[in-house]
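This report concerns only the one structure given below.
Proteins get letters first, then strands, A, B, ... in listed order; numbering begins at 1 in each. Just so you know, these numbers use all the heavy atoms, side chains as well, and skip hydrogens, waters and symmetry mates.
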Number of protein chains: 2
Amino acid sequence: MSAKNQQIEQLIQLLSKMPGLGPRSSRRAVLQIIKKKESYMLPLATLLKDVANGIKSCKVCGNLDTVSPCGVCQNPKRDPSIICVVEDVSDLWALERTASYKGLYHVLGGTLSAVQGIRPEDLNIEKLVERAKAKETSEIILATNATVDGQTTAHYIIERLKEIPVNITAIAHGVPIGGELDYLDDGTLSAALRDRKPF
Amino acid sequence: MSAKNQQIEQLIQLLSKMPGLGPRSSRRAVLQIIKKKESYMLPLATLLKDVANGIKSCKVCGNLDTVSPCGVCQNPKRDPSIICVVEDVSDLWALERTASYKGLYHVLGGTLSAVQGIRPEDLNIEKLVERAKAKETSEIILATNATVDGQTTAHYIIERLKEIPVNITAIAHGVPIGGELDYLDDGTLSAALRDRKPF
């Protein structure tokens, strides 16, 4: 018979599968949150349930929201002629934090990957092609990550969209703001030099 | 209007207060678990609620369990004559993992601390004195941490128990198993040398 209650044991095991927590930190976390039942555990339980039951993927762009089409797609202040293509919802959030983009989004749900066996039909690409064909769409901005898989996916999308009369652009790669040349990798420096622009 | 749903935002904020997670890892975690609604989020929500509603502090020893007295205190196979005093439930769990102790426990719920203003009446010490006075109790093992606060607390308890006819012992301090002398701090080495024993 273990001194640890079975429910606590289960909770520790479940929490240890949370990204960022391991078995040891999960044990510590459970002991800490048990001390805050009313103020933390019960609200967290309710919220987890509500989000799990209420959140869906936007049928237009793939963003997560309680409504579909999502808040961004429904917002009349957003410019429906520009669509920014991102890999994941976290990238959409990152772009929204800048508050400098006013168009719509399209979430692919990952990248093509030969290693992980992710093919075009596993991603939200068909719907992007449809949206690109729509009359109101004038520009598609590719904002996949600057990784091998991200760039492969971008090139695949360019290939798919080449018959469609829409402008395709990609976010700029170069020296990050605050970055020092000496500490940057060669790839970034080469890209920054190649994509130089008149001052 | 934010692109992030308000419920998701709340969940990220709440999760970021979980020990071990910060705002960034919490955001990542929420996106990951939203993909596993049925297999992870809903079971976690249920378990959090059950534990929050069901777990109480054992009225005898301070352990956490759904029953009070707890599983350890109720177990007829445990030796009720020995009580091991620990700071926190996590220490009780650590000792139980060794499977080498068959007595009962007493959880103090912390240590005396001048800095944090924790006084004897804030800890579960009165009940320990009562338990020490009980006829069946023959030994009290002090297993507070080998920190300044832990040892201060141990000395305070020794002082409180000195009129009571019960054996007081403390767990050994010394070189940890697998430890190399060269890498140990001076305090541990001095303790190991002082507490040497015949081979």
Side-chain angles (χ1 to χ4, degrees), chain A residues 1-8 10-11 14-15 17-22 24-34 36-38 40-55 57 63-67 70-72 74-75 77-78 88-90 92-93 95-97 105, chain B residues 1-8 10-11 14-15 17-22 24-34 36-38 40-55 57 63-67 70-72 74-75 77-78 88-90 92-93 95-97 105:
Chain A
M1 188 178 176
S2 164
K4 222 182 284 176
N5 178 273
Q6 213 190 335
Q7 277 184 339
I8 299 186
Q10 280 175 3
L11 182 58
L14 211 54
L15 259 191
K17 288 177 197 144
M18 177 88 71
L21 290 178
R24 208 184 195 94
S25 48
S26 163
R27 218 150 52 210
R28 273 221 328 268
V30 167
L31 276 175
Q32 297 259 331
I33 63 175
I34 282 181
K36 295 183 278 184
K37 285 181 201 177
E38 300 297 329
Y40 190 84
M41 276 182 97
L42 289 175
L44 180 60
T46 310
L47 210 49
L48 276 168
K49 200 170 132 222
D50 290 352
V51 170
N53 288 329
I55 297 297
S57 202
N63 186 16
L64 291 169
D65 207 332
T66 33
V67 287
C70 71
V72 179
Q74 279 191 28
N75 189 343
K77 289 190 186 148
R78 316 272 321 199
D88 225 323
V89 176
S90 55
L92 188 160
W93 291 351
L95 285 167
E96 281 298 295
R97 280 198 296 277
Y105 289 97
Chain B
M1 188 178 179
S2 164
K4 222 183 285 176
N5 180 273
Q6 212 189 337
Q7 278 184 338
I8 298 186
Q10 279 176 2
L11 182 58
L14 210 54
L15 258 192
K17 289 179 196 142
M18 177 89 69
L21 290 179
R24 208 183 194 95
S25 48
S26 165
R27 219 150 51 208
R28 273 221 329 268
V30 166
L31 275 176
Q32 295 261 330
I33 63 175
I34 281 181
K36 295 182 279 183
K37 285 182 200 177
E38 300 296 329
Y40 190 86
M41 275 183 98
L42 289 174
L44 181 60
T46 311
L47 211 48
L48 277 168
K49 199 169 134 223
D50 290 351
V51 169
N53 288 328
I55 296 298
S57 202
N63 187 15
L64 292 169
D65 207 331
T66 33
V67 288
C70 71
V72 178
Q74 277 189 29
N75 189 342
K77 288 189 186 150
R78 314 274 319 201
D88 226 323
V89 176
S90 55
L92 187 159
W93 290 352
L95 285 167
E96 281 298 296
R97 279 198 295 278
Y105 290 97

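Annotation for A/Met41 and B/Val51: closest pair CE-CG1, 3.6 Å, computed over non-hydrogen atoms. Residues B/Lys37 and A/Ala52 come closest through the heavy atom pair CD-O, 3.0 Å. Contact record, A/Ser90 with B/Leu31: CB-CD1, 3.2 Å, taken as the closest heavy-atom pair. Here the closest non-hydrogen pair linking B/Leu21 and A/Pro19 is CD2-O, 3.6 Å.
Tested against A/Ile8, the residues B/Asp65, B/Ile55, B/Thr66 include a single side chain to side chain contact (heavy atoms under 4.5 Å, CB included) partner, B/Ile55.
Contacts of A/Leu44 with chain B are made by both backbone and side-chain atoms, with heavy-atom separations under 4.5 Å. Contacts between B/Leu95 and chain A at a heavy-atom distance below 4.5 Å are absent for every atom of the residue.
Atom CG of A/Asn5 is separated from atom CG of B/Leu64 by 9.0 Å, given to the nearest 0.5 angstrom. To the nearest 0.5 Å, atom CG of residue A/Leu11 and atom CG of residue B/Asp50 are 10.0 Å apart.
Residues B/Leu42 and A/Leu48 fail the side-chain proximity criterion, which asks for heavy atoms closer than 4.5 Å.
Between chain A and the residues B/Gln10, B/Gln6, B/Lys77, the most heavy-atom pairs under 4.5 angstrom are made by B/Gln10. Chain A forms the most heavy-atom pairs under 4.5 Å with one residue out of B/Met18, B/Glu38, B/Arg28, and that residue is B/Met18. Most heavy-atom pairs under 4.5 Å with chain A: of the set B/Arg27, B/Gln32, B/Lys17, B/Lys49, this distinction falls to B/Arg27.
Counted within 6.0 Å of CZ on A/Arg24, heavy atoms from surrounding residues, nucleotides or ligands total 12 or fewer; the atom is thus considered open.
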